[in-house]
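I have placed the structure first, in the form of structure tokens, so that the comments after it can refer back to it.
In what follows, residues are counted from 1 in the order of the sequence shown.
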Amino acid sequence: MDEKVLHPQLVIDGKIVKPTPPKMRVWRAFLAFFDEDKSHLTMEEFLDRHIDLIVLAFGRPEVTRAAVEDALGIADVVPFTRDLFGWLQAQTFAKLVKLPNAAAGEG
């Protein structure tokens, strides 16, 4: 598996920045975006929405819209957002897989 999927990162002002542990709000925003019909969006709106998701997912003050726009090339925005979504899914499902084992131990 690609290292970016395992833990995505950006380089901002020469410093490697990784996202904070994902919160439910981030998960819901990604799900809503990827389920949404985006055919009505202009290319600029489409890319702006991706950048908003990246900023939300990182949850760090140094990761602003401007910082993301400076850190990523135009062609990298959408793949990076998809990598982030893959990472979020991996984080979520890794925790969910452990739930049945914990529940079985209670009985």
Contact between Arg60 and Thr20 at the side-chain level, heavy atoms closer than 4.5 Å - yes or no?
yes
Suppose the criterion is salt bridge (charged side-chain N to carboxylate O under 4.0 Å, His left out): which pairs have a residue in residues 41-50, not counting sequence neighbours?
Glu36-Arg49, Asp48-Arg65
Can you find a pair of side-chain heavy atoms, one from Val77 and one from Ile51, that are under 4.5 Å apart?
yes
Can you name the nearest heavy-atom pair linking Ala57 to Val26, along with the distance?
CA-CG1, 3.8 Å
Kindly assign one of parallel, tilted or perpendicular to the pair Phe46 and His50, based on the angle between their ring planes and the thresholds 30° and 60°.
perpendicular
Rounded to the nearest 0.5 Å, how far does OG1 of Thr64 lie from CD1 of Ile54?
11.5 Å
All heavy atoms of Ile12 vs all of Glu62, minimum pair found to be CD1-O, 3.7 Å
If you round to the nearest 0.5 Å, how far is CG of Leu10 from NZ of Lys15?
12.0 Å
With sequence neighbours left out, what residues match Asp76 under side chain to side chain donor-acceptor pair (under 3.5 Å)?
none
Suppose we screen for side chain to side chain donor-acceptor pair (under 3.5 Å). Which residues come up paired with Asp37, at least two apart in sequence or across chains?
Ser39
How many angstroms lie between CD in Gln91 and NE2 in His7, if you round to the nearest 0.5 Å?
7.0 Å
Check the hydrophobic clustering (I, L, V, M, F, W, Y; side-chain heavy atoms under 4.5 Å; chains of links allowed) and say if Val68 and Val11 are grouped together.
no
CG on Leu53 to CZ on Arg82, rounded to 0.5 Å
12.0 Å
Quick check: is Phe80 connected to Ile16 through a chain of hydrophobic side chains (ILVMFWY, heavy atoms under 4.5 Å apart)?
no
Exceeds 12 heavy-atom contacts within 6.0 angstrom, atom CE of Met43
no
Does Thr81 reach the side chain of Phe34, with side-chain heavy atoms less than 4.5 Å apart?
yes
Looking only at heavy atoms, which two atoms of Phe58 and Val17 are closest? And how far apart?
CE2-O, 3.2 Å
Interatomic spacing from NZ in Lys18 to CH2 in Trp87 - rounded to 0.5 Å:
10.0 Å
If only atom types and distance count, is the side chain of Lys38 paired as donor or acceptor with the main-chain N or O of Phe33 below 3.5 Å?
yes
